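Below is one structure; the comments refer to it alone.
Since the model is a prediction, treat every value here as computed from it, not as a measurement. For ligands, and for the atoms within them, numbers begin at 1 and follow the listed sequence.
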Amino acid sequence: MKIARFSRVGFILAAAGSAVGLGNIWKFPYITGEYGGGAFVLVYLLTVLLIGFSIMIAEMLIGYLGRKDTVSSFETLAPKHKNIWKFGGFQGLAGLFIMIFYSVVIGWILNYIVTSLTSLPANVKEAEVTFSAMLNSGFFTQLFYHTIAFLVITYTLTKGIKSGIEKINLVLMPALMIILSVMFLYSLSLDAFPKAVHFMFAADWSKLNSEAFVTAVGHAFFTLSLGMGAIMTYAASMDKGANIVKSAFWVVFLDTSIALVAGLMLFTFLYEYGSGPAKGPGLVFISLPAVFYEMGVLGNIFAELFFTALAFAGLTSAVSLVEPMVQYYIDRFSWSRVKASILVSGFFWFFGIFAILSNIDGAKEYLTWGGRNFFDWVDFFTAAIMLPVGGLIMAIFVGFILEKSRVKAVMKPFLKWAFEPWYFSLRYITPIAMFIVMLNLMGVV
Ligand code: PFF
């Protein structure tokens, strides 16, 4: 059987499509608002540069050498103790857990694309009422759109690497970048732009408590799609001669610039037309629609464009969140792609119902423990714990388990003088940084 592989551009766009997602346009701005801007952004950026980039390369390398689903890749590459190391591959489950809430949020966005067509809320109060109505009593609305998201994602996965995953990214990613560029250029022309820059880049260290720190590091992993085998699974279908470092660079570059562009643009809008940086998950669903209303007709167009871009970003990431387990069932159990796509996606669809219920009046009481509901626990557990641990596993695997000669043979031509610093960072900087994160985390949970 001929194995389908990504074209070079296709791989970069697919990996960037995985990285650029709700994390960049929905989550990054709202957690930046929540944790006070500057210092938080700086910790995030430093993590991306010092740790994220190295792990991105490591994850691509494991996939590139392993050429199979994540579990089999770890197994074939671990010379000793393969029965232990293969568990590294089960990080792929994290993607399915993330999908439990991710698909529900894509559903909210699809709902907003439809409702913004006809009406926008006249002020924040009204927007809040609309959002809460959907969240707390709109069970069937949420279920409907969550199901649409599930169908689009499943359909794409059934089509496979070339005609499904590569194709959707080749179309949606450029569209997303064009939409965001147009809106960003407009925000540049507004008086409030410098205020947004100040909010995002002037560091106030007093605001950086341990929760903010853990969230910033966790977010760096989340936004780069690291630590759960999404990038690894895509890299298994990478063209043999492709340059791993260049590809990793482009993915990190696109992901980071799109997050910063989205953040600057949204905060500019909020300063110019609203009441300044809003906090919490409602930022794009509450404050922003009210801002669009203030803009007049342009706001209607922007609302449509913005939510469409957000949906595109979410869908391309969602596909990558599910693909590792789909690939796992294809490679290990010889399931057909169609069967694997439907059954694996069925898992997140089913548990997504509980994510919806965790905000619904009358049900939420039963789905809340220790101050967080089911939805928030899944978010916290995956982003703050599973992904950093997954990243650590990748770093240790490439740094200590794979033979150095083998790593060097592949990576030296790409990295040249940077090979040793990269290797050092995987062996020492990443584990130490992760250890600090874990210590902080104990203070948070
Ligand atoms: N990077 C995606 C985002 O920023 O929304 C989310 C994500 C996708 C996380 C794939 C992890 C992953 F493996």
Residues 142-163 vs salt bridge (charged side-chain N to carboxylate O under 4.0 Å, His left out), sequence neighbours excluded, gives Lys162-Glu166
Ligand-protein N/O pairs under 3.5 Å (ligand 1):
{"from": "ligand 1", "atom 1": "1 (N)", "to": "Ser18", "atom 2": "O", "distance (Å)": "3.2"}
{"from": "ligand 1", "atom 1": "1 (N)", "to": "Ala19", "atom 2": "O", "distance (Å)": "3.0"}
{"from": "ligand 1", "atom 1": "1 (N)", "to": "Phe222", "atom 2": "O", "distance (Å)": "2.8"}
{"from": "ligand 1", "atom 1": "1 (N)", "to": "Thr223", "atom 2": "O", "distance (Å)": "3.2"}
{"from": "ligand 1", "atom 1": "1 (N)", "to": "Ser225", "atom 2": "OG", "distance (Å)": "3.0"}
{"from": "ligand 1", "atom 1": "4 (O)", "to": "Ala19", "atom 2": "O", "distance (Å)": "3.0"}
{"from": "ligand 1", "atom 1": "4 (O)", "to": "Gly23", "atom 2": "N", "distance (Å)": "3.4"}
{"from": "ligand 1", "atom 1": "4 (O)", "to": "Asn24", "atom 2": "OD1", "distance (Å)": "3.3"}
{"from": "ligand 1", "atom 1": "5 (O)", "to": "Leu22", "atom 2": "N", "distance (Å)": "3.1"}
{"from": "ligand 1", "atom 1": "5 (O)", "to": "Gly23", "atom 2": "N", "distance (Å)": "2.7"}
{"from": "ligand 1", "atom 1": "5 (O)", "to": "Tyr102", "atom 2": "OH", "distance (Å)": "2.5"}

Does the gap between the ring centers of Phe306 and Phe302 come in under 6.0 Å? no
Taking the six-membered ring for Trp, is the centroid-to-centroid distance between Phe53 and Trp422 below 6.0 Å? no
In short, salt bridge (charged side-chain N to carboxylate O under 4.0 Å, His left out) pairs touching residues 328-351 with sequence neighbours left out are Glu75-Arg332, Glu323-Arg337
Between Ser18 (side chain only) and Ala14 (backbone N and O only), is there a donor and an acceptor less than 3.5 Å apart? no
Across all chains, not counting sequence neighbours, the ring-ring contact (aromatic ring centres under 6.0 Å, His included) partners of Tyr234 are Phe6
